[in-house]
Undergrad: 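Attaching a single structure in structure tokens format; questions to follow.
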Amino acid sequence: MMLQILRLIFIILILLFAQVCHSQQLHLSNREYSSEQLNGEFQWYLDSTENLTIDEFLNLKVQKSPMPNLNFFDGAVWLRLDIVNESHPSDWYFEIAHPPLDSVECFVFVADSLIYHELTGDDFKFSKRLIQTAEFTFPVHLKTSKEYSIIFRIQGERNIFVIPLNAYAESNWIAHIQSQRIFQGLSYGVLLIAVILGMVSYIVTRVNTHLYYGIYVFAVLIFFMTQTGHWFQYVLPNLSSVYNMMPITMASMGGIFSILFAREILSIKHGKLSIFLLLLAILMLIAPFIQLVNFRLALFTSGTASFIKVISFCIITIVYALKGNNTAKYLFPAWFIYALGIVMFMLRNFGVVPPGFWSSNGLFLATIAEVLILSIAVAVSYRQLVKDHVIASESAKRRELELAHAANRENRLRQEKEEKDRKLATSLLKDKRRIEKLTSLTQETSDSLLRQKIEKLIHSDRSSTNYWENFRLIFEDVHPRFFESLQRQYPQLSINDLRHLAYVKMNLQVKEISELTGVSVQAVKMARNRLRKKLDQDKTLSEIVLQF
């Protein structure tokens, strides 16, 4: 069910991407002019001193060749558009779609007269923007067949690479903003759902894999909101210094938790590979602190670590998938697509691929695809976890049932032994009563000869070998190998000693043994002391017989 929902979301996003690409827009940075609407020239100038004024720029000879990549340029960038509006729409919107930038200044001239001027950027409060959109948008009224010079001064302490400048007629700009908001809103929604999925899964399962996944996607969400400018627009409109540090911070945070996620879901806990990933995470951790000193070095550190990370992930998942790891089969396509997004991002930033929807949003789209596939992997992992939990629960129940059966068997055996002990005690009691009757006869008769015969019979009965053998057979049926173990360890024991220890094993008291043996209680106690010394034990007889 979850797989079908994620597939449906992905199809909807693809349809929205197609709709966005179909919108009419003019990429002036690539000089893709539309002759039926605007006609003119695009010029540029790189001000390394950052001190050039608008009047000085107007008197300069500017470049008309394609604009170079700005990766290693540290200064102000001037753009000049000398255009004529040859179409019916007169209200136009010029958009620099590359936040974050520190400052963007727009000048519009007609016949050397300044008719429009606006200064904005991420170093200014968001509420000060004339058009409050995430991109830097400047509304310009262009009358038909008139010549205009539109000049931009763009500056950023951070790396700005390329400057995508788009121009829209009013109706197209409205359609562009609407489709863009739908696209970005749904993209953010997919990421937010993935965050919730990870956190809820963690709360339910308490498995760190889901926690790391949720935090990773959350970092990705914040990173892209900083790249589109929405984080500044909605969250930190008055804290530009904090906002400017967010991209590298969130990229590093996402990288660290993606490494933790990979280690957990692939069970990479020890060895050289684990150490390598740990070092990579440390490299990402220090990148946000480096930007306090040098932004370009921090960007290089974070970017290099991210690139190494995703290439390593692709290699690791291929190896694990070949070894039969089912989870790796989901992770490889996710990270391979993400790697393609990074490559597209780098090609665009270094000027190899011209700015456009797919090149500008390639990393974003690849990340959305990555998160969708990782969500499936997490769902599969969660399902496997539930399955393992069910199996473990059933195993525990079986074990509990086996223990209950064992306890029942042990209880039944104990009851049987107790029953046999009772029978043995009953037998001994019968013998005792018989001897008591014979003893009573000796007291009642006056015939001395008869008395002697009865006493002889009593003595013979008590010391009878048959009596002892019968007792022994019945006793060992209840307590197997008791006498054998005793005699093996203490061969010096006599039959009377063995019999006395058997009475102790049956938990008979001193008085009961006295009645059975026909001797006094004191004599039984003395016999017990002698027997304990013979056994050479500091323990009581009851403790001794428990060992056998």
Side-chain angles (χ1 to χ4, degrees), residues 46 48 50 69-77 98-103 121-124 154-163 212 215-232 235-236 238-263 273-313 335 338-339 341-351 362-364 366-367 370:
L46 302 182
S48 57
E50 302 181 5
N69 180 264
L70 302 173
N71 183 36
F72 299 104
F73 178 69
D74 189 9
V77 180
H98 189 72
L101 294 172
D102 294 341
S103 67
D122 291 331
D123 281 349
F124 305 90
I154 302 167
Q155 186 169 357
E157 291 296 328
R158 290 150 296 154
N159 226 333
I160 59 177
F161 295 107
V162 292
I163 304 173
Y212 297 150
I215 297 176
Y216 162 64
V217 179
F218 177 75
V220 169
L221 172 62
I222 304 305
F223 172 78
F224 281 113
M225 288 185 71
T226 62
Q227 292 300 99
T228 58
H230 288 121
W231 191 258
F232 188 41
V235 183
L236 301 172
N238 299 317
L239 296 173
S240 59
S241 59
V242 177
Y243 164 67
N244 290 335
M245 296 181 65
M246 292 294 289
I248 288 182
T249 303
M250 288 298 105
S252 297
M253 177 179 170
I256 291 169
F257 280 95
S258 67
I259 289 173
L260 292 174
F261 167 74
R263 289 179 76 249
L273 183 57
S274 178
I275 295 173
F276 167 74
L277 293 177
L278 178 62
L279 294 175
L280 205 56
I282 293 173
L283 189 62
M284 291 182 172
L285 180 63
I286 65 176
F289 299 97
I290 295 176
Q291 71 176 325
L292 297 173
V293 180
N294 189 307
F295 177 83
R296 291 176 185 270
L297 180 59
L299 183 65
F300 175 79
T301 303
S302 178
T304 302
S306 297
F307 184 74
I308 294 173
K309 179 204 73 173
V310 72
I311 295 300
S312 301
F313 280 1
W335 285 326
Y338 182 61
I342 290 180
V343 171
M344 178 65 72
F345 178 75
M346 294 174 66
L347 291 176
R348 167 196 176 267
N349 284 351
F350 286 99
L363 181 57
F364 198 1
T367 304
E370 177 213 16

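Computed from a predicted structure; not experimentally measured.
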Undergrad: Rounded to the nearest 0.5 Å, what's the gap from CG on L285 to CD1 on I256? Could you check?
TA: 4.5 Å

Undergrad: How long is the straight-line distance from CD1 of I311 back to OG of S306, given to the nearest 0.5 Å?
TA: 11.5 Å

Undergrad: State, to 0.1 Å, how close G254 and Y216 come at their nearest heavy-atom pair, and which atoms those are.
TA: O-CD1, 3.0 Å

Undergrad: Between atom CD1 of I275 and atom CG of L280, what is the distance when rounded to the nearest 0.5 Å?
TA: 13.5 Å

Undergrad: Do you know the tightest heavy-atom contact between L283 and A305?
TA: CD2-CB, 3.8 Å

Undergrad: Identify the heavy atoms of A298 and A287 that sit nearest to each other, and give their distance.
TA: CB-O, 3.4 Å

Undergrad: I need the T367 OG1 to I342 CD1 distance, nearest 0.5 Å.
TA: 7.5 Å

Undergrad: I want to check something: taking the side chain as every heavy atom from C-beta on, are D123 and S103 in contact at a cut-off of under 4.5 Å?
TA: no

Undergrad: State, with a plain yes or no, whether a side-chain heavy atom of M253 is found less than 4.5 Å away from one of I215.
TA: yes

Undergrad: Donor-acceptor pair, distance only, cut-off 3.5 Å: does the side chain of S312 make one with the backbone of I308?
TA: yes

Undergrad: Within a strict 4.5 Å, meaning less than it, do heavy atoms of the M250 and M225 side chains meet?
TA: no

Undergrad: Do I259 and F276 have side-chain heavy atoms sitting under 4.5 Å apart?
TA: no

Undergrad: Please work out whether the ring planes of F364 and F224 are parallel, tilted or perpendicular, with thresholds of 30° and 60°.
TA: parallel

Undergrad: Within this structure, what is the OG-CG distance for the pair S302 and L297, rounded to the nearest 0.5 Å?
TA: 11.0 Å

Undergrad: Which heavy-atom pair separates A366 from G341 by the least distance, and what is that distance?
TA: CB-CA, 3.5 Å

Undergrad: Could you give the distance from CG (L278) to CG (L273), rounded to the nearest 0.5 Å?
TA: 11.5 Å

Undergrad: Of all heavy-atom pairs between V310 and W335, which one has the smallest distance, and what is that distance?
TA: CG2-O, 3.4 Å

Undergrad: Do Q291 and T249 make a side-chain contact, defined as non-hydrogen atoms from C-beta onward lying under 4.5 Å apart?
TA: yes

Undergrad: Quick one: are S258 and F313 in side-chain contact, heavy atoms under 4.5 Å?
TA: yes

